[in-house]
There are 2 protein chains.
Amino acid sequence: MAKPRSARSTAADKPALTRERVVAAALAEIDERGADAFNLRNLAERLGVYPTAVYWHVPNKTAILAEVVATVFRDVAPRRRGGEDWRDYLRKLFQRYRASMRRHPNVAPLVGAHLVGNLRIDFDFVEGVLGALSEAGLTGTRLVAGYNAVVAALIGFVVQEFSPIPASDAQEWQSAVQQRLLAVDPQAHPVLAANLPLLANRAFVLRWQNGSEAPLDASYRSFVEQVIAGLEHLREQT
Amino acid sequence: MAKPRSARSTAADKPALTRERVVAAALAEIDERGADAFNLRNLAERLGVYPTAVYWHVPNKTAILAEVVATVFRDVAPRRRGGEDWRDYLRKLFQRYRASMRRHPNVAPLVGAHLVGNLRIDFDFVEGVLGALSEAGLTGTRLVAGYNAVVAALIGFVVQEFSPIPASDAQEWQSAVQQRLLAVDPQAHPVLAANLPLLANRAFVLRWQNGSEAPLDASYRSFVEQVIAGLEHLREQT
DNA sequence: ACCTGAACACCGTTCAAGT
DNA sequence: ACCTGAACACCGTTCAAGT
């Protein structure tokens, strides 16, 4: 019987350890335990292997995390379809980005924390955004400004929305936030006080659950339209 | 001679350890070494004290980091001045937020990473934003949507801009990014290729320095105006 | 009340040894 | 080439002891 070249594994064995399996297992660990609790010993246990075996396939922990983020956002950028309106393209991109994050909310803090690993020089992503903005008529420094605004907006909202609550004293913290909200002084903070029921758990800083439990769907839809309106403004500038 | 109540310290002593001194020293450590490298032993050394002494004043490391972030953004929210246009208020807020982050760029990953600690239920901040949007004519769900958009935009851009490059292989990574940019295929990524000089090191994902070394001033100014235009759009909706 | 000092559990990583 | 196994340095935190 011919064996696959690089596999010593028999049918009964687990598949050989590969970089891809390491990253997949790391993502599973993070999904289950959160990014803070992620460590190499648990990862190795999941893979049925000694902790140090991982180092044959990957240089260090940071590299694993970078790969995990890259995996989650692989193929977020839709193909540019000929004749598609740039607004529709951006709407699609924003929805897909959020959908990806939603599937793996525990990855959010990793995205927020570092410059790299965010969208690791994914030229297809970059070209997708630039192509849309270019079709919108932006050139030169306005193209750059539009691009930076789109990336900041794309990442900023969703990272905030899905970043996890502090796992330790979750219970305690939830009621602490609620307590504070009920104690708002209408004299000092009138608009807040007047809109409390609308804002409670539906607005940044004023919520006690993250996007997995209390998604900000309506706000996000509005946000995307605001971003587009902002770009329209940019392109109508003299 | 009457001594201050809680101080056993004589003139020659260091001032007694307090929660405030712990937090101030922690911020100094983070400014110098970065958030990743921050640890309690270095912190204690800076304070001239045993590592475990810190635990008398603060429950754990996470609490210290939360206080550090709160300190950096203390008083970001300007006072609402009577008769001030809501647009000017928001412009001021955005500028002040970025200025605060710029003074302590190493704090950026801490802000990005967690839901809490961001703006720890600072009602003055919340009321400032809500007041401005309310003056812009937003009410109900549109007020909520506008508020969430402002917070996401405010934090999103600046965290991205100032989040640090991976400290380990900085040198190597810089030239790796530059290499990749020079190898852009104009066939596959035409808009990127055509605008490379404008984008290189001046746009997210396409830069090799962070905001401390290569600030995105022009893009940020444009971004703020785009956010305001987005809010105008929101308020003119039916 | 506040700090010292020892100690513990945990974790990322290195390296020699096996097959 | 790929994994085992021992080992090390580092770090957050607990707790008993001092003053």
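Below, chains carry the letters A, B, ... as their sequence lines are ordered, and counting in each starts from 1. Just the heavy atoms: all of them, side chains too, but no hydrogens, waters or symmetry mates, feed the values below.
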Electrostatic pair A:Asp124:A:Arg74 at N-O distance under 4.0 angstrom: no
Nearest-Å distance, CH2 (B:Trp56) to C1' (C:dC2)? 6 Å
Roughly, in whole Å, what's the span from CG in B:Asn42 to C1' in D:dA9? 14 Å
If you measure from CZ on B:Phe123 to CG on A:Asp185, what distance do you get to the nearest 0.5 Å? 10.0 Å
Should B:His57 be listed as having a side-chain N or O under 4.0 Å from OP1 or OP2 of C:dC3? yes
Watson-Crick and G-U pairing of DNA chain D, under 3.5 Å, as dot-bracket with | and [ ]: ||.|||||...|||||.||
Run through B:Leu199, B:Asn201, B:Leu196 and flag the one making a side-chain contact (heavy atoms from CB on, under 4.5 Å) with B:Leu181. B:Leu196
May I have the distance from B:Arg19 (atom CZ) to C:dA1 (atom C1'), rounded to whole angstrom? 17 Å
Nucleotide C:dC3, atom P - distance to CG of B:Leu17 in whole Å: 5 Å
Indicate yes or no: does A:Asp217 engage A:Arg102 in a salt bridge with an N to O separation below 4.0 Å. yes
Expressed as a whole number of angstroms, how long is the span from A:Tyr50:OH to D:dC3:P? 14 Å
Decide yes or no for B:Ile64 and B:Phe38: does some side-chain heavy atom of the first lie under 4.5 Å from some side-chain heavy atom of the second? yes
Does the protein touch nucleotides 12-19 of chain D at the base, only the backbone, or not at all? Give it as B, S and - per nucleotide, heavy atoms under 4.0 Å. BBB-----
In whole angstrom, give the distance that lies between atom CG of A:Leu47 and atom P of D:dC3. 10 Å
Does the Lys NZ or Arg CZ of A:Arg98 fall within the cation-pi geometry relative to A:Tyr220 - under 6.0 Å from the ring centre and within 45° of the axis? yes
SB check B:Glu32 B:Arg46 (cutoff 4.0 Å): yes
Please confirm whether the ring centroid of A:Tyr97 lies under 6.0 Å from the ring centroid of A:Phe157. no
